[in-house]
Amino acid sequence: MEGVFIQTLVSGLLIGFLYALIAVGLTMIFGMMEIVNFAHGDYLMIAMYFSYWFFVLFGMDPLYSLPAVTLLLFGLGILTYYLLIKPIINAPMLSQIFVTFGVLIFLRGLATFLWKVDYRMIPQTVLSGNIQLGDVYIGIPQLTAAAGAIICNGLLLWFLKKTRLGMALEAVSEDKEAARLMGINSDRMFALAWGIGIATVGVAGALLTSFYYVFPEVGANFGVITFVVVALGGFGSVTGAFAAGIIVGLVEVLSGFLIGPQFKFMFVLFLYLAVVLIRPQGLLGKK
Amino acid sequence: MLTIKNINTYYGQVHALKNVSLHLQEGEIVTLIGANGAGKTTLLNSISGIVPPKSGQILFSGEPIHELPPHGIVERGISQVPEGRQVFKPLSVEDNLELGAYLRCRKRDGKKEAKETMTMVFDLFPILMERRKQLAGTLSGGEQQMLAIGRALMAKPKIMLLDEPSMGLAPLVVQEIFRVIENLAREKKTTVLLVEQNARVALKTASRGYVLETGKVILDGDAADLMENRDVQRAYLGRDKKEIWER
Ligand SMILES: Nc1ncnc2c1ncn2[C@@H]1O[C@H](COP(=O)(O)OP(=O)(O)OP(=O)(O)O)[C@@H](O)[C@H]1O
Ligand SMILES: [Mg+2]
């Protein structure tokens with residue numbers, strides 16, 4: 001019993017880091033321009049398909065194609081900004097919601113059209129296997145994903161806090177007008193935020209493909225969880241998203257373990273409602 | 001050095017600047033006074049490219065700049081210290097200053113030169129040196145104003161636009177800040193356009209002044225003359241009120 005409990009905690013923690021990584025991109029984009037990217041989970045889906053096809057077509061393991069997938073998603077983020085977001089940057093919130101929601105529908109439709117609704121999985125990767133610590137088994141793909149998420153989040157924090165470009169991003173998200181008065185090109189910073197925000201999803205997708213099914217709707221579940229994480233951490237707070245990712249991962253597995261797996265998402269959504277009602281700004285959010 | 005010719009600026013339907021003209025000569029301090037909502041901030045933001053004018057011209061050393069984006073304006077050498085300071089609160093004092101030199105740091109040797117400018121800023125405002133690791137949000141109002149000025153200086157501007165630097169500050173702090181502004185003009189030959197509601201201090205510091213009312217320049221001239229002008233005294237210096245009180 002005790003072993004199972006620890007096992008549960010560990011898997012919650014591991015998936016939590018990955019949630020944090022996915023959420024960081026969403027919260028960063030929101031923090032910069034107050035636009036909610038409803039298609040965030042679907043970029044994850046695209047990243048997973050990229051990983052999958054790199055494996056099928058070129059025999060490249062998801063771990064090795066990770067840099068390429070990340071780069072592709074970075075480009076996709078930039079493209080999305082210039083093509084779709086820039087024209088609606090000052091539009092009413094409702095139009096912005098329609099656009100990012102439209103992207104969601106488009107990406108899911110595209111994936112279904114191109115690759116059918118089949119669940120696909122890479123049967124054997126370089127990471128396949130478990131390690132055993134006492135009674136606890138840890139899947140190497142999951143462990144790698146968590147480690148990758150920690151590294152990626154760490155790099156991102158370092159970039160935002162310590163580099164000139166990162167500070168310029170923070171300046172724009174803090175006060176767009178003052179940043180422009182410093183000579184910071186806010187338009188480029190928005191594009192960069194989309195690039196980085198979507199690239200983090202690329203990393204997450206590439207890591208996920210080693211142990212998760214790929215299918216057109218895969219972004220739906222992750223999308224919802226990501227919103228919970230971002231709301232809990234505080235919209236726009238990168239460090240908040242990190243903490244909240246871990247909390248959500250733990251809540252999910254613990255409620256699944258203590259009450260029943262069919263209820264695990266229900267508790268995650270309860271958590272969301274509780275945040276919205278009790279502390280709408282989230283753990284570390286501004287305002 | 002800077003010539004503004006008949007600019008008109010709008011916020012949607014609101015006509016905020018109506019045929020405004022103004023000029024600045026190198027090394028002078030010119031003040032722009034006016035009541036709330038007169039359009040002072042709008043004028044600075046039109047120069048800075050934040051709210052570009054719909055018509056008219058802004059020439060800097062003879063070159064039109066009214067179609068440049070804000071970063072183009074900063075690059076040419078015009079920096080603004082915005083109303084209400086607008087420092088980056090979650091960033092340290094040092095990081096705020098570094099962002100002020102954002103464009104310069106992209107050039108070769110830019111980083112080294114920016115370091116020198118930072119030393120100069122610390123000389124002007126020693127308190128910023130003491131607080132350099134502190135988050136800007138934890139500074140007092142006066143210190144934030146000094147930081148905002150220092151941040152603008154980091155771009156090594158030829159023209160500084162200052163929007164109500166005395167707002168909400170104690171008289172002693174205002175004095176210190178105005179002393180620095182005078183110094184900048186006299187010793188560093190920086191041209192200053194000073195927006196103020198505190199007309200008395202502003203006219204004492206400046207050599208010339210403009211009076212803005214509901215988007216129009218209604219008066220301009222030597223600061224000393226404006227100080228003596230009846231309308232200015234009544235509207236901005238409160239001389240009449242004082243006389244009534246004295247009587
Ligand atoms: N973003 C905006 N949108 C619409 N109208 C605006 C905006 N900013 C300013 N205005 C209007 O333009 C006019 C000039 O405003 P501005 O802020 O330039 O005045 P100001 O002289 O700086 O006033 P204050 O002394 O209060 O700072 C005002 O009537 C104001 O209501
Ligand atoms: Mg103003």
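Residue numbers start from 1 in every chain, and the chains themselves are labelled A, B, ... in the order their sequence lines are given, proteins ahead of strands. Keep in mind the model is a prediction, meaning the values are calculated, not measured.
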Parallel, tilted or perpendicular: ring planes of Phe222(A) versus Tyr19(A), cut at 30 and 60 degrees: perpendicular

Winner by heavy-atom pair count (cut-off under 4.5 Å) against chain A, out of Glu98(B), Met154(B), Arg151(B): Arg151(B)

N/O donor-acceptor pair under 3.5 Å between Thr100(A) side chain and Val36(A) backbone: yes

Chain B contacts, top residue of Asn185(A), Asp187(A), Leu165(A) (heavy-atom pairs, under 4.5 Å): Asn185(A)

Region of Asn96(B) that comes under 4.5 Å of a non-hydrogen atom in chain A: neither

Atom CE of Met93(A): over 12 foreign heavy atoms under 6.0 Å: no

Top of Ser79(B), Pro90(B), Ala155(B), Pro69(B) for chain A proximity - count of heavy-atom pairs under 4.5 angstrom: Pro90(B)

Among Asp95(B), Asn45(B), Ile78(B), Leu91(B), residue most engaged with chain A (heavy-atom pairs, under 4.5 Å): Asp95(B)

Note, Val81(B) side chain near Gln145(B) side chain (heavy atom, < 4.5 Å): yes

Atom group of Arg106(B) that falls short of 4.5 Å from chain A, counting heavy atoms: both

Portion of Glu75(B) that has a non-hydrogen atom of chain A nearer than 4.5 angstrom: neither

Distance-only polar pair, side chains of Thr138(B) and Arg131(B), donor-acceptor under 3.5 Å: no

Arg164(A) side-chain N/O to Ala168(A) backbone N/O, donor-acceptor pair under 3.5 Å: no

